[in-house]
Amino acid sequence: MSDTDNEKPKLGMRQPLGLKRTVETGKVKQSFSHGRSNTVVVEVKRRRVLGPQGGPAPEEQTPAPAPEAPAPQAAPRPAAPAPRPPVSNETAQERQARLLREADSQRMQSLEDARRREERARTEAAEEERRRGEERARAEAEAAEAAKAAAVAPAPAPKVEEPAPAPAPVAAPAPAPVEAPAPAPVETPAPAPAPVAAAPAPKPTPAPAPAPAAPPRPLTLQLDPSLPAPRRFTPVQRPEIPKPQPKPAPEPAPAQQAQPAPQRPAGAAPAAAGAARPAVGGGLAARRGPEPARPQQRDRKGDDRRQSGKLTVTRALGGDDGARARSLAALKRARDKENRRHFGGPREPQVKQVRDVVVPDAITVQELANRMAEKGADLVKALFKMGMPVTVNQTIDQDTAELLVTEFGHNIQRVSESDIDIQADTVEEAEDKLQPRPPVVTIMGHVDHGKTSLLDALRGTDVVRGEAGGITQHIGAYQVTLKDKSKITFLDTPGHEAFTEMRARGANVTDIVVLVVAANDGLMPQTIEAINHTKAAGVPMIVAINKVDLDSANPQRVRERLLEHEVVVEEMGGDVQNVEVSALKKMGLDELIEKIQLQAELLELRANPDREAEGTVIEAKLDKGRGPVATILVNRGTLRVGDVFVVGAESGKVRALVDDKGRQIKEAGPAMPVEVLGLSGVPMAGDPLQVVENEARAREVAEYRKGVALQKRTTNAPASLESMFSALKEKQAMEYPLVVKADTQGTVEAIVAAINKISTDLIRARVLHSGVGGITESDVTLAGASGAPIIGFNVRPNAKAREIAERQKVAFKYYDVIYDLTDEIRAGMAGQLGPEAFETVVGRAEIKEVFSAGKHGKAAGLLVTEGIIRKALKARITRNDVIIYQGEIASLRRFKDDVPEVRAGLECGVTFSQNFTDIKAGDYLETFEVEMRERTL
């Protein structure tokens, strides 16, 4: 027998003494799937544990199970076994077997304990039932004796108070005798129909009273002052899952322990207690003392032992020791559910709600259904009936949507995207709100006729000296205060032909036009154009004949020339005022001011300053330090700092107002020009300015206007033959790309218009980008990608833009006078086309005969009919007016001699280059020269 078998413990025998090996070897068989197995050798090394005397620790014997108690009485639970000391001589299989035996014994022990508890609970329940039966019997006997006593007495029946319909959850803390008119015992748990009354302190009497003279005082239920006050309101009792629990043994109430029970007839107290318990329901249990702890299962949801030591708001304010009440939403749901259960039945048909449906220009079927609060399928069905097979995601127009809305019984409200935009206010102002305003006077005329000099003389300043080239290239707005404290607003417009749009804007926003004509020059093209703008605007005109101090001045000739354009001055019987002035000598200025004031008085210019401002953009630019800046002429209302406005496709808020003298002001009234800071971008000159209520409205209008402008720019025109042919010509023409940057918006417009006029059928100028402000990196990148030069008008690039331009070889061209700009662009476009070739016919001759020249060549005998035939000239041969050869003359002979030329009327022989031999008699020879000339546009 092996050592391992000797080491196994055997029942009924002691283990022999000996030393154990600390290393044991064993085999473990491993089983795998598909019938595979493996045997593994396992070595177990254990630590030697010594006992108290230095020897190995004795093994602990397994305790025998305790014998079962034959009596049903509760036996004391055996104490838990002491912790087992570590066993040093058992194997893993033995340890597992031991643990299984211990677990089995514990399970059997717990089953035994549970059986004993159930037995004890059944015994207690039987005793309780027997006790209650005895109490009910005593109560019935007492009630019978009381009935006999009442029958013997001649007194009327005592009045007994009827209990309330809804039993209050209150009861006497201790059982008391109950007087019942009927001897029937109360066996059901439902509330007793008999009135219940409890005597406060009845005296024990063996027999009823011999002669009751008066009816006994009615008995009432009272609360025990020693107990805490009951809760008067409980929102909703939380439902609890019923669990089968044994009933605990009854204990006497605290009030009964404090007061000695009075002597009463047998069976009275139990009957009273039994009768009162069903009537008061759970209130008696609430008045009873603390119940003994009953063993029950642990409720995980209601277990708040972890939060037992925490003070919460509910625990601090509530009086139910932290009991959680239902939420208001839960109460509402429960109430609605109860109402539905009590008042159930078919619901009444709801009245259809008529809605006001807002319908835009185009809307999807599903969106329309959502706005109508209808089903999308119903709308699709209605559209199918109309003959329109659509889906819920398709778009329908406004008219179709109106048919649907009307058919479903709703009201339609048509809206359009254009409703977002602010419409021009054409409402007439009340007379009492109008106040006089200064006149707006525009100075117009031809270039270099003295418009700005005249305005400088009126203002007392010198603007001309600061202008490049001595010509005005922007609209200048100024306000002059006269000696009588009256004010006049002047607008100075450019006279160059490129600034037509500026002159048109000046005429549209003005009240009076002063047409400046030089007395020595007379009427010029831009003067005639200014007259046409003034007539189109319908404003009165005052003719100022300037430079009358010169010797060559002839004012009368100017008046006569004005008749050609239907401008009749007062000296010739018309209604147009005229005045001779000299800006240099300051002659006639007072007379000019007087005529302007007279004309303004006739116009009765008035405006309402107490309203939201409206104005017009005179000029706009991008300032490096201040950002987008616009010169605004206020038409009516008052523009104040902080106003939110929309101007064209831009919006903003007035950050600062600057007048024409550079001073910051708080507000600007009607007919006052100011510079406005705080725009989101540079607006177009001529755009209207309108003050709105808030920034959201301003952004909405600006976004809509940008979308409209983008749509106009990207919408393709309807195709036609003319448009297709013009598109083909444009594709055939060369393009000259440009990037234009200027200091003001009006100048940009003028430059772009002038560049477009230079375009021809052969080459076309294409402005890739135009803007206001300095030249930036994005401008240089765009120009570098397209190979375009950058035109800078009164602007310069920044350092980063210059660096990128050097790297990408982008050319900068700077100008400050529009003449030089147009001339150089014209020259650059012509240079890109290259020189132009011009042909000059030198001579013509008729081929009379064809001769052989060498083995393969042929020579033509000519008769010179016109001009000269020279050697080495370009020649072409025509047959029936069709060119059959174009080349050069290789040799020219007269008789047998080589000659350089042959004149008209003489005969000669020629040979042609490229060994051309297809020559016949009757063909014509034409010689010509080609001259290359520089191209001009």
Side-chain angles (χ1 to χ4, degrees), residues 498 501 620-622 624 628 649 681-682 684-685 706 709-717 723-836 934-937:
E501 291 293 329
K621 62 182 179 180
L622 184 63
K624 185 175 182 180
V682 180
M684 302 295 292
K706 286 180 182 177
L710 180 63
Q711 186 177 5
K712 287 182 180 179
R713 195 164 57 246
T714 56
T715 302
N716 295 326
S723 62
M724 286 191 291
F725 279 120
S726 63
L728 289 176
K729 287 183 180 179
E730 288 180 358
K731 289 182 180 179
Q732 292 174 358
M734 297 178 62
E735 283 192 351
Y736 187 73
L738 292 169
V739 176
V740 178
K741 295 301 288 289
D743 54 346
T744 63
Q745 185 66 40
T747 308
V748 170
E749 294 178 4
I751 293 173
V752 172
I755 290 174
N756 291 332
K757 289 180 182 178
I758 300 174
S759 302
T760 62
D761 294 339
L762 298 177
I763 188 168
R764 182 172 61 91
R766 181 186 175 193
V767 179
L768 300 176
H769 173 66
S770 61
V772 179
I775 301 171
T776 61
E777 299 90 327
S778 60
D779 301 330
V780 177
T781 304
L782 175 62
S786 56
I790 298 179
I791 307 299
F793 194 87
N794 287 334
V795 294
R796 293 294 184 269
N798 54 33
K800 188 66 175 178
R802 287 195 299 269
E803 180 184 348
I804 299 175
E806 291 177 3
R807 187 166 60 249
Q808 299 186 2
K809 308 298 180 183
V810 177
F812 290 112
K813 295 184 179 181
Y814 306 118
Y815 305 96
D816 54 4
V817 179
I818 198 169
Y819 296 117
D820 302 336
L821 185 148
T822 54
D823 292 344
E824 289 200 17
I825 290 179
R826 187 179 288 110
M829 294 171 66
Q832 184 171 345
L833 283 176
E836 188 175 4
E934 290 293 333
R935 194 186 299 266
T936 57
L937 298 179

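Computed from a predicted model, the values in this text were never measured in an experiment.
Taking D823 as the reference, R826 meet the side chain to side chain donor-acceptor pair (under 3.5 Å) condition, with sequence neighbours excluded. Under the rule for a side chain to side chain contact (heavy atoms under 4.5 Å, CB included), the partners of D820 that lie at least two apart in sequence or sit in another chain are Y815, V817. In this view, R766 and E735, L768 satisfy the side chain to side chain contact (heavy atoms under 4.5 Å, CB included) rule, not counting sequence neighbours.
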Listed pairs under 3.5 Å, donor-acceptor, residues 775-793 side chains, sequence neighbours left out:
residue : atom : partner : partner atom : Å
T776    : OG1  : S778    : OG           : 3.1
T776    : OG1  : D779    : OD2          : 3.1
D779    : OD2  : K741    : NZ           : 2.6
D779    : OD2  : T776    : N            : 3.1
T781    : OG1  : E777    : O            : 2.9
S786    : OG   : L782    : O            : 3.0

Would you please test K621 and V772 for side chain to side chain contact (heavy atoms under 4.5 Å, CB included) and show each step? CA-CA 6 Å; K621 62 182 179 180; V772 179; 4.0 Å; yes

Run I825 and Y736 through side chain to side chain contact (heavy atoms under 4.5 Å, CB included) and show every step you take. CA-CA 9 Å; I825 290 179; Y736 187 73; 4.3 Å; yes

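Between G773 and V795 the shortest heavy-atom distance is O-CG1, 3.5 Å. Shown here for V748 and G771, the closest heavy-atom pair between the two residues is CG2-O, 3.4 Å. Considering all non-hydrogen atoms of both residues, T822 and A754 come closest at CG2-CB, 3.8 Å.
Sorted by first and then second residue, the salt bridge (charged side-chain N to carboxylate O under 4.0 Å, His left out) pairs with a member in residues 781-792 form an empty list; sequence neighbours excluded. Each salt bridge (charged side-chain N to carboxylate O under 4.0 Å, His left out) pair with one or both residues in residues 791-802, not counting sequence neighbours, would appear here, but there are none.
Within the model, atoms NE2 of H769 and CG of L738 stand 13.0 Å from one another, a figure rounded to the nearest 0.5 Å. Note that OG1 of T747 and CD1 of I818 are 7.5 Å apart. Values are rounded to the nearest 0.5 Å.
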